[in-house]
Number of protein chains: 2
Amino acid sequence: MQFMAATANVYNRNCPSREVVGVIASHWGSLVLGALLDGTLRFGELRRTVNGISEKMLAQTLQALERNGLVHREVHPVIPPHVDYTLTPLGVQVSRQVRGLFDWITGSMPEILTAQQAYDTSRA
Amino acid sequence: MQFMAATANVYNRNCPSREVVGVIASHWGSLVLGALLDGTLRFGELRRTVNGISEKMLAQTLQALERNGLVHREVHPVIPPHVDYTLTPLGVQVSRQVRGLFDWITGSMPEILTAQQAYDTSRA
DNA sequence: CTGAATCCTAATTGATACTG
DNA sequence: CAGTATCAATTAGGATTCAG
């Protein structure tokens, strides 16, 4: 068999899908994917949108996303340089799920903050 | 205002929700959350299920998930020790979304592998 | 058995400077 | 503008060791 039962394979560290989890279910990967759902962005625009990401990590993250077929990179041969990043059809599918997760987090922040405070005070 | 428009706040590095993204949308965090959707697991069972995680990272990840109210830790005072980890109602909600993402990844692996190969050969 | 604590090495990350 | 190169700092990982 090429893949194990649904979902189970990501739990095998030798399965290629595990590497994909590392790309998508990562701090910067998820934020970049979510940002592009609103439309094409340039490198600098992404850098400003994803507040706090370094140039190095943005470049690295975009390369990983491009390699996995989630993001399309389009270079306009002009001076000064102009490079556009867009979600591929595949990327749009993940991005929607990532956005769903972000929306859930946003909506659940009150409960989460309460839990954090309870946890922190219980060991002070 | 306490929060910005939906989703947008995770893009502000000073918003508390950003920290939660780091916990959930992370390699180990997502895998542990997904694993617990099938039911309560003990430390050692989790260690075996999430193939490749070190004891250190598992302990660290479980603490972060517990602090954010997503996982409940139950210690049975017996010898030998017995500690159960279970998703809280809040945790079940995220876990379902994480599982959805994993299932999507699993189902999209053929396309993703094709993209990887195209990318790799195009610069060899 | 479940973890916390420690020590040490390897890998990531981030800030900065620099180039086409 | 869009990155790459470099180096310093942070973090992850593994291998014990130890306590409850």
Side-chain angles (χ1 to χ4, degrees), chain A residues 11-14 18-32 35-36 39-68 71-86 119-120 122-124, chain B residues 11-14 18-19 21-32 35-36 39-67 71-86 119 122-123:
Chain A
Y11 285 97
N12 178 352
R13 76 157 126 185
N14 296 316
R18 180 66 164 272
E19 183 191 329
V20 180
V21 171
V23 173
I24 297 173
S26 70
H27 193 179
W28 299 130
S30 63
L31 287 168
V32 169
L36 289 172
T40 298
L41 289 175
R42 299 175 60 173
F43 188 89
E45 292 173 330
L46 269 170
R47 180 126 161 65
R48 284 184 291 276
T49 301
V50 183
N51 200 269
I53 194 172
S54 66
E55 292 189 353
K56 181 181 172 182
M57 289 313 297
L58 179 55
Q60 202 168 303
T61 300
L62 285 168
Q63 281 172 19
L65 293 174
E66 188 191 359
R67 189 175 103 93
N68 287 273
V71 162
H72 173 68
R73 178 174 184 270
E74 180 135 23
V75 182
H76 300 283
V78 294
I79 292 180
H82 183 131
V83 182
D84 282 332
Y85 291 93
T86 314
Y119 184 96
D120 292 344
S122 78
R123 48 202 78 193
Chain B
Y11 285 97
N12 178 353
R13 76 156 124 186
N14 297 316
R18 181 66 164 271
E19 182 190 331
V21 171
V23 172
I24 297 173
S26 71
H27 192 180
W28 299 130
S30 63
L31 286 168
V32 169
L36 289 173
T40 299
L41 288 176
R42 297 176 61 176
F43 188 89
E45 293 173 331
L46 269 170
R47 179 122 163 67
R48 284 184 292 275
T49 302
V50 183
N51 200 269
I53 194 171
S54 65
E55 291 190 355
K56 184 179 169 182
M57 290 313 296
L58 179 54
Q60 204 169 302
T61 300
L62 285 169
Q63 280 173 18
L65 293 175
E66 189 192 357
R67 190 175 104 92
V71 163
H72 173 68
R73 179 174 184 270
E74 180 135 23
V75 183
H76 300 284
V78 294
I79 292 180
H82 184 131
V83 182
D84 283 331
Y85 292 93
T86 314
Y119 183 95
S122 76
R123 48 202 78 191

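Residue numbers begin at 1 in each chain, while the letters A, B, ... track the order of the sequences.
- Phosphate contact (OP1/OP2 of D:dT4, side-chain N/O of A:Q63, threshold under 4.0 Å): present.
- Atom CD in A:E66 sits about 14 Å away from atom C1' in D:dA2, given to the nearest Å.
- Taking atom CG on B:L58 and atom C1' on C:dT2, their separation rounds to 11 Å, with Å as the unit.
- Atom NE2 of A:H27 is separated from atom C1' of C:dG14 by 13 Å (rounded to the nearest Å).
- Of the candidate nucleotides C:dT2, C:dA17, D:dG13, C:dA17 has the atom lying nearest to any side-chain atom of A:E55.
- In this structure, B:E45 and B:Y85 have side chains that are not in contact, with every pair of non-hydrogen atoms separated by 4.5 Å or more.
- OP1 or OP2 of D:dG3 lies within a sub-4.0 Å distance of a side-chain N or O belonging to A:Y85.
- Note that CG of A:N12 and CG of B:N51 are 5.5 Å apart. Values are rounded to the nearest 0.5 Å.
- Note: CD1 (A:I53) to P (C:dA15) measures 11 Å, nearest angstrom.
- C:dG3 atom P lies 11 Å from atom CD of B:E45, rounded to whole Å.
- We find that CG of A:L41 is positioned 15 Å from C1' of D:dC1, with the value rounded to whole Å.
- Remark: the backbone N or O of B:V83 is not paired with any side-chain donor or acceptor of B:R73 at under 3.5 angstrom.
- Between B:M57 atom CE and D:dA15 atom C1' the separation is 16 Å, expressed in whole Å.
- Counting heavy atoms from C-beta outward, A:D84 and A:L41 have side chains that stay 4.5 Å or more apart.
- Of the candidate nucleotides C:dA15, D:dA12, D:dA2, D:dA12 has the atom lying nearest to any side-chain atom of B:Q60.
- Between A:A59 and A:P80, it is A:P80 whose nearest contact on DNA chain D lies nearer the 5' terminus.
- Under 4.0 angstrom from either OP1 or OP2 of D:dT11 there lies no side-chain N or O belonging to B:W28.
- Within 4.0 Å of A:R47, counting heavy atoms only, lies no atom of the nucleic acid at all.
- Taking only side-chain atoms of B:K56, from C-beta outward, the nucleotide of D:dC1, D:dA2, C:dC7 with the closest atom is C:dC7.
- For the pair B:Y11 and A:L31, the minimum side-chain heavy-atom distance is below 4.5 Å.
- In this entry the distance linking CD1 of A:I79 with C1' of C:dT19 reads 13 Å, nearest Å.
- Contacts of A:P81 with the nucleic acid, taken as non-hydrogen atoms under 4.0 Å apart, include base atoms.
- Contact annotation: A:R42 side-chain N/O to D:dG3 OP1/OP2 distance is not under 4.0 Å.
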